[in-house]
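Here the structure is laid out as structure tokens; the discussion comes afterwards.
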Amino acid sequence: MLTTFEFVRLLRAAGYEGFVALGGNQISRIAKDMKHDWVFDLIDGLTTYQGERALDELYQSIKVGAPLDGIPNLTWRNADGEIVENKIDLLRPNQFALLDFEGLPHDEYWGAKYFTMVGARGCFYGKCSFCAIPFGWGPNNYVGMSAGGAVVRAMKDAYKQFGVRRFKFIDEALHPKMLREMDAARSEYLAECSGGGPSQWRRCHHEIPTAW
């Protein structure tokens with residue numbers, strides 16, 4: 001966090017006047033403790049929890065000079081100097097399986113080509129006292145999981161668009177119900193899946209080739 005603030009300070013010192021927004025897991029957990037004027041003297045906004053809609057709507061609003069009070073999950077300082085927390089509005093299950101890779105030159109990268117997938121956001125277990133990662137997804141640490149059929153459809157769409165058959169699930173925990181639904185919807189589609197990062201699959205297998 002200190003290096004982030006130093007980087008922003010250097011940007012401002014170099015004359016950058018654009019909108020600076022901070023977000024991510026750590027910001028989501030401490031945003032309420034960052035509502036100080038000295039913070040917003042340096043930055044312009046905080047995006048908490050899921051950032052897809054917030055960043056897109058923030059960009060569109062800045063581009064046309066529209067007000068920022070309707071942008072979900074944004075904390076900002078208005079013209080009266082008040083630090084405002086906009087409403088929290090999270091994506092729903094079945095909306096977050098496939099990330100948007102449009103325009104990504106994946107053929108230009110070396111090594112095995114794969115896309116990341118998110119079947120669920122947060123952790124359905126949520127009882128590990130040492131873990132704060134799920135709290136970056138939503139106020140109660142678990143937003144929900146997509147239907148297994150929706151995940152498989154997202155994988156098929158990725159294959160149709162990009163020819164990619166490898167997928168890495170970056171979920172905090174993969175719910176057995178979703179895996180069973182994925183298996184039931186697999187048909188003849190062939191994909192190679194692995195659970196990496198925090199995904200709980202790694203307790204059993206590092207890589208799971210599966211006939212989907």
Side-chain angles (χ1 to χ4, degrees), residues 1-93 95-105 109 115-118 120-123 126-144 170-173 196-199:
M1 185 65 70
L2 291 176
T3 55
T4 299
F5 275 98
E6 177 62 10
F7 178 70
V8 176
R9 187 190 68 79
L10 292 173
L11 277 177
R12 297 303 195 198
Y16 181 74
E17 298 179 355
F19 196 100
V20 173
L22 303 183
N25 184 284
Q26 186 175 4
I27 294 297
S28 297
R29 287 185 274 128
I30 65 173
K32 292 186 181 297
D33 296 321
M34 295 178 67
K35 294 173 59 177
H36 299 287
D37 285 328
W38 69 265
V39 173
F40 285 85
D41 288 341
L42 190 63
I43 67 167
D44 300 289
L46 304 171
T47 58
T48 54
Y49 307 124
Q50 305 170 30
E52 295 99 324
R53 283 186 54 205
L55 291 177
D56 179 55
E57 293 184 25
L58 179 61
Y59 169 75
Q60 300 298 337
S61 296
I62 293 173
K63 186 168 65 172
V64 300
L68 305 182
D69 52 4
I71 298 174
N73 310 348
L74 180 68
T75 300
W76 58 293
R77 186 163 62 183
N78 63 22
D80 296 327
E82 300 172 314
I83 298 175
V84 180
E85 289 183 71
N86 290 357
K87 67 175 182 178
I88 300 297
D89 188 9
L90 305 176
L91 293 178
R92 304 297 186 267
Q95 293 181 314
F96 45 64
L98 180 64
L99 307 182
D100 186 1
F101 296 103
E102 191 67 37
L104 178 71
Y109 291 92
F115 281 170
T116 53
M117 295 285 290
V118 181
R121 292 195 168 182
C123 179
K127 297 180 182 179
C128 298
S129 60
F130 59 82
C131 182
I133 292 175
F135 288 92
W137 288 119
N140 298 314
N141 91 31
Y142 183 58
V143 178
I170 56 174
D171 301 44
E172 264 64 62
S199 170

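Keep in mind the model is a prediction, meaning the values are calculated, not measured.
One distance of note links NZ of K35 with CZ of R77; it measures 13.0 Å at 0.5 Å rounding. The structure places CE of M34 at 5.5 Å from CG of L22, a figure rounded to the nearest 0.5 Å.
In this structure, the side chains of N73 and I88 come closer than 4.5 Å at one or more pairs of heavy atoms. Side-chain contact between R9 and L42: present, with at least one pair of heavy atoms (C-beta onward) separated by less than 4.5 Å. The side-chain heavy atoms of R121 and Q50, taken from C-beta on, include a pair separated by under 4.5 Å.
Judged by distance alone, the side chain of D89 and the main-chain N or O of P72 form no donor-acceptor pair under 3.5 Å. For D171 (side chain) and A120 (main-chain N/O), a donor-acceptor pair under 3.5 Å exists by modelled atom type.
Under the 3.5 Å distance criterion, with hydrogens and angles disregarded, a donor-acceptor pair is assigned to the side chains of N86 and W76.
Of all non-hydrogen atoms in L58 and L68, the two that sit nearest each other are CD1-CD2, 4.0 Å. The minimum heavy-atom distance linking L74 with G45 is given by the pair CD1-CA, 4.3 Å. Across all their heavy atoms, A31 and T48 have their closest contact at CB-CG2, 3.5 Å. Across all their heavy atoms, G70 and E57 have their closest contact at O-OE1, 4.0 Å. When every heavy atom of T75 is checked against every heavy atom of F40, the shortest pair comes out as O-CE2, 3.7 Å. Of all heavy-atom pairs spanning G18 and D44, the tightest one is O-OD2, 3.4 Å.
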